[in-house]
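Down below is the structure, laid out as structure tokens.
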Protein chains: 2
Amino acid sequence: MANQLTPLDQVFAALADPTRRAIVMRLCAGEASVGELADPFDMALPSFMKHIHVLETSGLVQSEKSGRVRTCRLSPDALLGAEDWFQQQRAIWEARLDRFEAYVMKLKKENEQAAAKRPSRATRKKGS
Amino acid sequence: MANQLTPLDQVFAALADPTRRAIVMRLCAGEASVGELADPFDMALPSFMKHIHVLETSGLVQSEKSGRVRTCRLSPDALLGAEDWFQQQRAIWEARLDRFEAYVMKLKKENEQAAAKRPSRATRKKGS
DNA sequence: CAATTGGTTAGCCATGTAGCTAACTATACA
DNA sequence: TGTATAGTTAGCTACATGGCTAACCAATTG
């Protein structure tokens, strides 16, 4: 029944929220306490903590409590995992573009050869 | 009142769903009709169409209807936009790492100089 | 010890999301 | 013209999400 969310699901879902993206961006510049992180946002702390928690279960952020202050830091692995996904898609996409270009070149070449054989048909319109 | 979703919000939200990621991956390999796309999924068509619609409003996918079949294709710009976000974060992250490394090197150097001046203290344990 | 600070837990509410069925439209085919 | 095909619209349910307040620890600080 538990619809097992993949890490990728959770990372993308976490990044779909502007507040959480801002937190990630902030943490790229170095670790910070919950209070420091929450400060720029006009939001009640419990609401803000939910965002932190989402980031934590997605694996994007780790935190550690010492005394009464919890310090958060980015864990870059999850971020890299998501970035990889894009790069893989792009690789497939670009491979396809290459194949498509090759295909167009082949068509063009065939068309030229056909035109050389039956020059009169080469100027006819498609639908008529 | 309309909580203006940024394109990035919509792209990440769209990619947070495994069905939609699969659609994007499929479309990386070339355009396809709604029916072809829906075929591998055990899901009613109207439900599936919602996913297509989400992908379309996110800008990841474009579609066009001719006759009774709607053909979908990937529009790679939105994908690149999201990939850019990662690369920017990584750049900031890496810059920070560099600064951190420089800081550690400076500490180390200072420590060595201090050790040269007061060699006896250099072997003391931290907490005692 | 008392008060403050930093975070946490519990619980409420409004809205959004993902799925379904049923019924409909519009093209294509026989 | 009638039937099958490909999507589409409408409307429902269940659950997830994002926000809030109130009340509650547990370290610090005076």
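Keep in mind it's a predicted model, so treat the numbers as computed, not measured. Sequence lines set the chain letters: A, B, ... in the order given, protein chains first and strands last, and positions in each chain run from 1.
In this structure, B:Q10 atom CD and C:dG16 atom P are separated by 13 Å, rounded to whole Å. Look at CE on B:M43: it is 12 Å from P on C:dT21, rounded to the nearest Å. In this entry the distance linking CE of B:M49 with P of C:dT21 reads 17 Å, nearest Å. Distance A:L45 CG to C:dG11 C1': 17 Å, rounded to the nearest Å. When rounded to the nearest whole Å, the span between NZ of B:K50 and P of D:dT13 equals 13 Å. Rounded to whole Å, the distance from NE2 on B:H53 to C1' on C:dA18 is 15 Å.
Within 3.5 Å, no donor on the side chain of B:K65 pairs with an acceptor on the base of D:dG7, nor the reverse.
Rounding to the nearest 0.5 Å places CG of A:L60 at 12.5 Å from SG of A:C72. To the nearest 0.5 Å, atom CD1 of residue A:I23 and atom SG of residue A:C28 are 12.5 Å apart. B:H51 contributes atom NE2, which lies 5.0 Å from atom CG of B:D17 (distance to the nearest 0.5 angstrom).
Contact check, A:H51 against D:dG19: a side-chain N or O comes under 4.0 Å of OP1 or OP2. Close to D:dC20, at under 4.0 Å from its OP1 or OP2, lies a side-chain N or O of A:S47.
In this pair, A:F86 and B:F86 present their aromatic rings tilted. The plane angle is within the 30 to 60° band. Between A:F48 and A:F41, the ring-plane angle classifies as tilted under the 30° and 60° cut-offs.
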Just the table, please: protein N/O against nucleotides 28-30 of chain D N/O, every pair under 3.5 Å.
from: D:dT28; atom 1: O4'; to: A:R68; atom 2: NH2; distance (Å): 3.4

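Projected onto DNA chain D by closest heavy-atom contact, A:A44 and B:T71 fall at different nucleotides, the more 5' of which corresponds to B:T71. Residue order along DNA chain C, read from the 5' end via each residue's closest nucleotide, puts B:V54 first among B:V54 and B:P46.
Residues passing the side-chain contact (heavy atoms from CB on, under 4.5 Å) test with A:A32 are A:R26, A:L27, A:E36, A:L37, sequence neighbours excluded.
The residue A:T19 sits apart from the nucleic acid: no heavy atom pair falls under 4.0 Å.
Which of D:dC20, C:dT8, D:dG18 sits closest to the side chain of A:D17 comes down to D:dG18.
Residues A:T6 and B:R21 come closest through the heavy atom pair OG1-NH2, 3.5 Å.
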